[in-house]
Amino acid sequence: MKTQAELLLEEYKKVRNIDLSLDQFTYILNLYPSLIVCMCDGVLDKEEWDGVLRLAKGLALEYGDGLNDEEMERLEQSFRTEFRYLLDNIEKWQKKFLNTLRNNIQDSRSDKEFVMESMYLFANAADGISEVEQETIQMLTERLALEH
């Protein structure tokens, strides 16, 4: 029987013609709340986008073992493209991604900490944490049951 994350990945791949492994998709899923925080004020600041670009580069390094420079660049570009797509389509995926993420991390303290730390990292990217960002983090913290 497939996990909720596997089912969501299948659905996502039908909409986005992309070759993502479950592991890569899970990483993106864990970062998804940070994307919501980035967009909660309706503006993606340059500092926030720079953070997204660093994430894409980090993911490419994480999953790019054995790739040449050109393949690495393509992998990094594909992560950038997915993050941009998700930022532009927050409403479309929010409920499904958050439900799946909550289910996925419910028994993992380290995953919950990663999600929480990532949200604060992004909120802090541009001039500290705004009131709307703090409210969004609080809403996501409750929605994802991040606090014990």
Side-chain angles (χ1 to χ4, degrees), residues 1-64 72-126 128-148:
M1 196 168 125
K2 292 188 174 166
T3 65
Q4 199 173 343
E6 287 170 318
L7 293 170
L8 182 58
L9 174 57
E10 283 178 7
E11 181 182 344
Y12 187 77
K13 280 180 168 180
K14 283 182 185 139
V15 175
R16 303 287 301 158
N17 185 21
I18 186 168
D19 184 26
L20 282 176
S21 69
L22 181 61
D23 197 37
Q24 291 167 331
F25 183 71
T26 301
Y27 207 102
I28 291 172
L29 193 61
N30 286 346
L31 291 166
Y32 188 76
S34 302
L35 299 178
I36 294 173
V37 171
C38 283
M39 291 307 290
C40 69
D41 58 1
V43 178
L44 183 67
D45 302 319
K46 182 188 181 322
E47 295 86 354
E48 291 168 336
W49 179 243
D50 288 345
V52 171
L53 294 178
R54 280 193 299 277
L55 272 181
K57 188 172 218 40
L59 276 170
L61 290 170
E62 174 82 21
Y63 294 105
M72 260 318 244
E73 179 55 41
R74 269 202 307 271
L75 183 61
E76 186 180 330
Q77 180 60 48
S78 73
F79 284 125
R80 270 198 307 265
T81 302
E82 287 321 295
F83 287 135
R84 181 81 247 179
Y85 168 78
L86 287 168
L87 286 163
D88 291 342
N89 294 278
I90 289 282
E91 295 300 312
K92 177 178 173 114
W93 294 101
Q94 184 165 329
K95 189 174 183 200
K96 289 175 183 177
F97 268 58
L98 293 180
N99 286 344
T100 302
L101 179 59
R102 181 182 173 134
N103 179 282
N104 229 33
I105 63 175
Q106 65 186 358
D107 299 322
S108 173
R109 186 184 179 98
S110 64
D111 283 347
K112 287 180 178 185
E113 286 171 4
F114 174 84
V115 170
M116 184 73 101
E117 286 169 15
S118 299
M119 286 193 296
Y120 275 105
L121 198 68
F122 271 91
N124 253 323
I129 300 174
S130 70
E131 194 174 317
V132 69
E133 287 170 332
Q134 188 57 56
E135 289 167 7
T136 302
I137 290 172
Q138 190 55 46
M139 177 273 292
L140 290 165
T141 299
E142 290 166 19
R143 177 90 164 66
L144 297 169
L146 296 178
E147 293 174 331
H148 318 293

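Keep in mind that what you see is a predicted model, and the values were worked out from it rather than measured. Basis for what follows: all heavy atoms, side chains included, without hydrogens, waters or symmetry-related copies.
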- Ring centroid separation for Y27 and Y32, is it under 6.0 angstrom? no
- Sidechain-backbone polar pair: D45 side chain, E47 backbone, donor-acceptor under 3.5 Å: no
- Are L31 and F83 close enough, and set up right, to give a side-chain contact (heavy atoms from CB on, under 4.5 Å), and what steps lead you there? CA-CA 9 Å; L31 291 166; F83 287 135; 4.0 Å; yes
- N-O pairing of R109 and E113 below 4.0 Å: yes
- Side-chain donor or acceptor of K13 paired with backbone N/O of L20 under 3.5 Å: yes
- Query: Given side chains that start at C-beta, do those of W93 and E11 come closer than 4.5 Å, heavy atoms only?
  - Reply: yes
- Task: Evaluate side-chain contact (heavy atoms from CB on, under 4.5 Å) for K14 paired with L9, printing each intermediate quantity in order.
- Result: CA-CA 9 Å; K14 283 182 185 139; L9 174 57; over 6 Å; no
- Note on the structure: Closest non-hydrogen contact found for M119 with T141 is CE-OG1, 4.0 Å
- Message: Check whether E133 reaches the backbone of S130 with its side chain - one donor and one acceptor, N or O, closer than 3.5 Å.
- Response: yes
- Message: Hydrogens and angles aside, do R80 and Q77 bring a side-chain donor and acceptor to less than 3.5 Å of each other?
- Response: yes
- Message: With no hydrogens and no angle check, just 3.5 Å: does a side-chain donor-acceptor pair link Y12 and E82?
- Response: yes
- Item | Residues forming a salt bridge (Lys or Arg N to Asp or Glu O under 4.0 Å) with E135, sequence neighbours excluded | none
- Message: Can you tell me how far apart CD (Q94) and CZ (R143) are? Round to the nearest 0.5 Å.
- Response: 7.5 Å
- Message: Is there a side-chain contact between V52 and L35 in this structure, where contact means two heavy atoms from C-beta onward sitting under 4.5 Å apart?
- Response: yes
- Query: What's the shortest heavy-atom distance between T136 and C40, and which atoms?
  - Reply: OG1-CB, 3.2 Å
- Check against side-chain contact (heavy atoms from CB on, under 4.5 Å), C38 and L87: CA-CA 8 Å; C38 283; L87 286 163; 4.2 Å; yes
- Message: Restricting to non-hydrogen atoms, name the atom on E48 and the atom on F122 that form the minimum distance, rounded to 0.1 Å.
- Response: O-CE2, 3.6 Å
- Query: Could you state the interatomic distance from CG (L8) to CG (L22), rounded to the nearest 0.5 Å?
  - Reply: 10.0 Å
- Just wondering, do I90 and L86 contact through their side chains at under 4.5 Å, heavy atoms? no
- Checking Q24 side chain against S21 main chain: does a donor-acceptor pair fall under 3.5 Å? yes
- Query: In Å, rounded to the nearest 0.5 Å, how long is the span from CD of E142 to CZ of R102?
  - Reply: 10.5 Å
- Check: N89 side chain, Y85 main-chain N or O, donor-acceptor pair, under 3.5 Å: yes
- Message: Just so I know, are the side chains of N104 and D111 near enough to count as touching, which here means a heavy-atom distance under 4.5 Å?
- Response: no
- Message: With a 4.5 Å cut-off on side-chain heavy atoms, are E76 and M72 touching?
- Response: no
- Roughly how far apart are I36 CD1 and L140 CG, rounded to 0.5 Å? 5.0 Å
- Residues passing the side-chain hydrogen bond (donor to acceptor under 3.5 Å, both in side chains) test with D107, sequence neighbours excluded, are none
- Item | Considering all heavy atoms, the nearest S78-I18 contact | O-CD1, 4.2 Å
- Query: Below 4.5 Å, heavy atoms only, C-beta onward: do L121 and S34 meet side chain to side chain?
  - Reply: no
- Interatomic distance, CZ@R74 vs OG1@T81, rounded to 0.5 Å, equals 12.5 Å
- Item | pair F114-I105: side-chain heavy atoms closer than 4.5 Å | no
- Would you please name every residue forming a salt bridge (Lys or Arg N to Asp or Glu O under 4.0 Å) with D88, sequence neighbours left out? R84
- Message: Can you give me the closest heavy-atom contact between L98 and P33, atom names plus distance?
- Response: CD2-CG, 4.3 Å
- Considering all heavy atoms of both residues, which atom of A123 and which atom of I129 are nearest to each other, and what is their separation? CB-CG1, 3.7 Å
- Salt bridge present between E147 and K112 (N-O < 4.0 angstrom): no
- Message: Quick check: do L55 and F79 have side-chain heavy atoms less than 4.5 Å from each other?
- Response: no
- Note on the structure: Partner of T100 under side chain to side chain contact (heavy atoms under 4.5 Å, CB included), picked from L29, T26, L7, is L29
- Query: Do the charged groups of R54 and D50 touch, with an N to O distance under 4.0 Å?
  - Reply: no
- Message: Any donor-acceptor pair under 3.5 Å linking the side-chain atoms of Q134 with those of Q138?
- Response: no
- Item | Donor-acceptor contact present, side-chain E6 to main-chain T3, <3.5 Å | yes
